[in-house]
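The structure under discussion appears below in the form of structure tokens.
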Amino acid sequence: MKGYAAYAKVQPTNEGYRDLEYKVLGAVTGALIKANEEGTELSDKFNAILWNEKVWHAFRCDLSSPKNELPEELKASLISLAIWVSKETNRVMDHLAGLDGLISINRQVMAGLAPKGQQV
């Protein structure tokens with residue numbers, strides 16, 4: 001539930017979906033960065049990882065919807081990223097990978113969503 005509560009905090013009233021997606025990715029990426037710090041409790045690390053996976057699952061569901069109006073090529077690329085995030089999450093949970101890949105992907109997508117002139 002922790003992830004959903006944080007998501008609710010950033011839901012916009014007068015902002016578009018792009019801004020919401022940017023803010024949600026920013027929040028979850030911040031959690032991943034904190035989870036990547038030395039001495040982080042395993043439960044906090046897993047909570048951040050699972051929250052990130054939930055965010056990407058929500059993106060994948062939205063991208064798969066016939067109502068999503070993004071160009072097909074862009075949707076396909078983002079769905080591929082969401083699938084990669086799911087696989088990488090499993091690798092991280094199995095201690096076969098670190099968090100750097102997940103953090104990097106989130107930052108790259110945030111850069112594409114960022115308002116002009118805003119640094120990620």
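It should be emphasised that the depicted structure is a prediction, and the values quoted were computed from it without experimental measurement.
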Is the number of heavy atoms from other residues, nucleotides or ligands under 6.0 Å of Glu73 CD greater than 12?
-> no
dist Lys45:NZ -> Asn36:CG (nearest 0.5 Å) comes out at 6.5 Å
Rounded to the nearest 0.5 Å, the CZ atom of Arg60 sits from the OG atom of Ser80 at a distance of 9.0 Å
From Leu78 CG over to Ile83 CD1, what is the distance, rounded to the nearest 0.5 angstrom?
-> 11.5 Å
Sub-3.5 Å donor-acceptor pair from the side chain of Ser104 to the main-chain atoms of Asp100, do we have one?
-> no
In terms of hydrophobic clusters joined by side-chain contacts under 4.5 Å, are Leu96 and Val85 together?
-> no
Is there a side-chain contact between Trp56 and Val109 (heavy atoms, below 4.5 Å)?
-> yes
Distance from Asn90 atom CG to Ser86 atom OG, nearest 0.5 Å?
-> 5.5 Å
Backbone of Lys34 reached by a side-chain donor or acceptor of Thr40 within 3.5 Å = yes
Rounded to the nearest 0.5 Å, how far does CG of Asp19 lie from CG of Leu113?
-> 9.0 Å
Return the minimal non-hydrogen interatomic distance between Trp51 and Ala31, and the atom names on each side.
-> CZ3-CB, 3.6 Å
SB check Glu21 Arg18 (cutoff 4.0 Å) | no
Please tell me if the side chains of Met93 and Leu50 come closer than 4.5 Å, counting only heavy atoms from C-beta onward.
-> yes
Considering all heavy atoms of both residues, which atom of Asp44 and which atom of Ala35 are nearest to each other, and what is their separation?
-> O-CB, 4.4 Å
Going by the side-chain contact (heavy atoms from CB on, under 4.5 Å) test, name the single residue among Ile103, Leu99, Asn106 that passes it with Ile33.
-> Ile103
Ion pair Glu88/Arg91, N-O distance below 4.0 Å = yes
Closest contact, heavy atoms only, Lys75 versus Ser65 | NZ-O, 4.3 Å
Should Ile105 and Leu102 be marked as a side chain to side chain contact (heavy atoms under 4.5 Å, CB included) after you check the CA-CA gap, both sets of side-chain angles, and the distance that decides it?
-> CA-CA 5 Å; Ile105 288 296; Leu102 296 172; 6.0 Å; no
With no hydrogens and no angle check, is any side-chain donor or acceptor of Asp62 less than 3.5 Å from a backbone partner on Ala58?
-> no
